[in-house]
Visitor: 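Below is one structure. I have some questions about it.
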Amino acid sequence: MPKMKTNRGAAKRFRKTASGGFKRGQSHLRHILTKKSSKRKRHLGSTEQVHEADQRAVRRMLPFV
């Protein structure tokens, strides 16, 4: 059986929390920022929890985390 490998793209995007969940950054903060309000940009800078329905997929991509 071949070695299990970590999905490197996922490893750069997700971090495991102490309670066993995953946190992620938010998208839409790279370009075309002039039309977005300050409040919207400020909230996009914060982190979010990965939704419960997606946690299984993230866990499979990160077997050693």
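Just so it is clear, the model here is predicted, and its values are computed rather than measured. Computed over heavy atoms, backbone and side chain alike; hydrogens, waters and symmetry mates excluded.
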Visitor: Heavy atoms only: give me the nearest A11-T6 pair and the separation to one decimal.
Guide: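 Nearest pair, atom of A11 first, then T6: CB-CG2, 4.0 Å.
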Visitor: Mind checking the CG-CZ spacing from L62 to F22? Nearest 0.5 Å is all I need.
Guide: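 Here the rounded value is 5.5 Å.
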Visitor: May I ask you to test the L29-K41 pair for a side-chain heavy-atom distance under 4.5 Å?
Guide: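 Yes; the side chains approach each other to less than 4.5 Å.
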Visitor: Taking all non-hydrogen atoms of both residues, which atom of V50 and which atom of V58 are closest, and how far apart?
Guide: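 Where V50 meets V58 most closely, the heavy atoms are CG1-CG2, 4.1 Å.
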Visitor: Are F14 and V65 side-chain neighbours, meaning at least one heavy-atom pair lies under 4.5 Å?
Guide: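 No, side chains not in contact.
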Visitor: In Å, rounded to the nearest 0.5 Å, how long is the span from NZ of K16 to CZ of F64?
Guide: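 Interatomic distance, K16 NZ to F64 CZ, rounded to 0.5 Å: 12.5 Å.
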Visitor: Around R24, counting heavy atoms of other residues, nucleotides and ligands shown, do more than 12 lie under 6.0 Å from its CZ?
Guide: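 Atom CZ in R24 is packed in, count exceeds 12.
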Visitor: Atom CD in Q49, atom OG in S19: separation rounded to 0.5 Å?
Guide: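 The CD atom of Q49 sits 6.0 Å away from the OG atom of S19.
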Visitor: To the nearest 0.5 Å, what is the distance between CZ on R42 and CG on L44?
Guide: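 Rounded to the nearest 0.5 Å, the CZ-CG separation comes to 11.0 Å.
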Visitor: Is there side-chain contact between K23 and E48, with heavy atoms separated by less than 4.5 Å?
Guide: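 Heavy-atom side-chain distance check fails, nothing below 4.5 Å.
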Visitor: Starting at CZ of R56, measure out to CE of M61 and round the result to the nearest 0.5 Å.
Guide: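 Those atoms lie 11.5 Å apart.
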Visitor: Just wondering, do K36 and H28 contact through their side chains at under 4.5 Å, heavy atoms?
Guide: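 Heavy-atom side-chain distance check passes, below 4.5 Å.
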Visitor: Considering non-hydrogen atoms only, spot the tightest contact between G21 and Q55 and give its length.
Guide: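 Looking at all heavy atoms of both residues, the shortest contact is CA-NE2, 3.9 Å.
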Visitor: If every non-hydrogen atom of K35 is compared with every non-hydrogen atom of I32, which pair is closest and at what distance?
Guide: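 Closest pair (atom of K35, atom of I32, distance): CE-CG2, 3.5 Å.
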